[in-house]
Amino acid sequence: MEAINSIPLNYYIILSTALFCIGALGVMTRRNAIIMFMCIELMLNAVNLLMVAFSRYLGDSNGQVFVFFIMAVAAAEVAVGLAILIMIYRNANTSDTEVLNELKW
Amino acid sequence: MSITLIIFWFLSFLALISAAIVVFAKNPVHSVLFLIITFFAIAGHYLLLSAQFLAAVHIIVYAGAIMVLFLYVIMMLNLNKETEPHKKPLIKFIAVIAAGLLMLTLVAAFKGAEITVVTAADPSIGSVETLGKVLFKEFLLPFEVSSILFLAAMVGAVYLSKKDLN
């Protein structure tokens, strides 16, 4: 049950890249701000997965501590981001990013 | 084909397919539910990489806290309908091309990279004991600073969602 013996590191690199690109695709195609936010979480998780894989394959536990900190920052980010979304919804009555274009030049 | 490889492929396909459904589902609640499946698949990968502590933290923080927050906001704002207007097909097509090119570029860049793999790496680097020692010896200051970050985020979230800011 040890991944390091039977799975090449390249598999994890390609898997994380694919997850990251799916997240980026979601940010580009969707208009609902909450779904875009979830796609950003997906991209964060792709990077986390790659970091854990590198940490395991290079035998260094610092990478896993970094992933722990990324998770902590992501939790704080989600709390503040969703509060901002609720405030925007209360003022503009929508979460559609095409309508929220006040700052667009 | 060893059992580890079969588990790896299963978890990878589960993660990728449910991630694609997150992006393409019309109902936001379905997106949240499939994102939870993706997170469980990623937690399975962490277990496969013998990072037990991170797998547990990942389930608790993401599936337990963050996704509940997302569901709560979607239900509160009453967005659980398929009313989202979609972008123009041309923009969607361009986005798919751009994401595909990004994938191609990253994979090509990583292909040339030479990575020295330590095959005899200590399997206990993902255990609670090792990570706890590293966290409280080398990363004690960042650990304490992150608690200030949490306090600031908490105050900010409460302040932002107050009904009337004056």
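To find a chain, count down the sequence lines: A is the first, B the second, and so on, and within it residues start at 1.
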Between [X] and [Y], is there a shared hydrophobic cluster once you connect ILVMFWY residues whose side-chain heavy atoms come closer than 4.5 Å?
X: Leu131(B); Y: Leu141(B); answer: no
X: Leu140(B); Y: Val67(A); answer: yes
X: Trp9(B); Y: Leu11(B); answer: yes
X: Ile60(B); Y: Leu47(B); answer: no
X: Val68(B); Y: Val78(A); answer: no

Exercise: identify the closest heavy-atom pair between [X] and [Y]:
X: Val22(B); Y: Arg30(A); answer: O-NH1, 4.0 Å
X: Glu41(A); Y: Ile66(B); answer: OE1-CD1, 4.3 Å
X: Ser50(B); Y: Arg56(A); answer: OG-NE, 2.8 Å
X: Ala79(A); Y: Ala157(B); answer: O-CB, 4.0 Å
X: Val61(B); Y: Met71(A); answer: CG1-O, 4.4 Å
X: Ala19(B); Y: Leu19(A); answer: CB-CD2, 3.8 Å

Is [Y] close to [X] at the side-chain level, that is, under 4.5 Å between some pair of heavy atoms?
X: Asn32(A); Y: Pro28(B); answer: yes
X: Val73(A); Y: Ser146(B); answer: no
X: His45(B); Y: Leu15(A); answer: yes
X: Leu49(B); Y: Tyr57(A); answer: yes
X: Ile125(B); Y: Asp60(A); answer: no
X: Asn48(A); Y: Leu54(B); answer: no
X: His58(B); Y: Asn45(A); answer: yes
X: Ile7(A); Y: Leu48(B); answer: yes

Which region of [X], side chain (C-beta onward) or backbone (N, CA, C, O), has a non-hydrogen atom less than 4.5 Å from a non-hydrogen atom of chain B, or is it both or neither?
X: Leu9(A); result: side chain
X: Ile22(A); result: both
X: Tyr11(A); result: both
X: Ala24(A); result: side chain

Shorter than 4.5 Å, heavy atoms on both sides: which option in [options] has the most such pairs with chain B?
options: Cys21(A), Ala46(A), Ala74(A), Ala75(A); result: Cys21(A)
options: Asn62(A), Val80(A), Val27(A), Leu85(A); result: Asn62(A)
options: Ile86(A), Ile13(A), Ile84(A), Leu82(A); result: Leu82(A)

Reported [atom1]-to-[atom2] distance for the pair [X] and [Y], which is rounded to 0.5 angstrom:
X: Tyr46(B); Y: Gln64(A); atom1: OH; atom2: CD; answer: 9.0 Å
X: Met28(A); Y: Leu102(B); atom1: CE; atom2: CG; answer: 7.0 Å
X: Leu42(A); Y: Ile42(B); atom1: CG; atom2: CD1; answer: 6.5 Å
X: Leu104(B); Y: Thr17(A); atom1: CG; atom2: OG1; answer: 11.0 Å
X: Ile34(A); Y: Leu71(B); atom1: CD1; atom2: CG; answer: 10.0 Å
X: Leu135(B); Y: Phe68(A); atom1: CG; atom2: CZ; answer: 5.5 Å

Chain A heavy atoms under 4.5 Å from [X]: which part of the residue, side chain, backbone, both or neither?
X: Phe24(B); value: both
X: Met154(B); value: neither
X: Phe143(B); value: both

For each of [options], tally heavy-atom pairs with chain A at distances under 4.5 Å, and name the one with the top tally.
options: Phe150(B), Phe70(B), Phe110(B); answer: Phe70(B)
options: Ile94(B), Val158(B), Leu106(B), Val73(B); answer: Val73(B)
options: Leu16(B), Val96(B), Val134(B); answer: Leu16(B)
options: Gly156(B), Gly100(B), Ser31(B); answer: Ser31(B)
options: Thr130(B), Val107(B), Leu35(B); answer: Leu35(B)

Item to complete: Describe, in one word, how the ring planes of Phe8(B) and Tyr12(A) are oriented to each other, choosing from parallel (under 30°), tilted (30 to 60°) and perpendicular (over 60°).
Response: perpendicular
Worksheet item: Would you call the rings of Phe139(B) and Phe69(A) parallel, tilted or perpendicular, where under 30° means parallel and over 60° means perpendicular?
Response: tilted
Discussion item. Taking CZ in Phe34(B) as the centre, count heavy atoms belonging to other residues, nucleotides or ligands within less than 6.0 Å. Is the count above 12?
Written reply: no
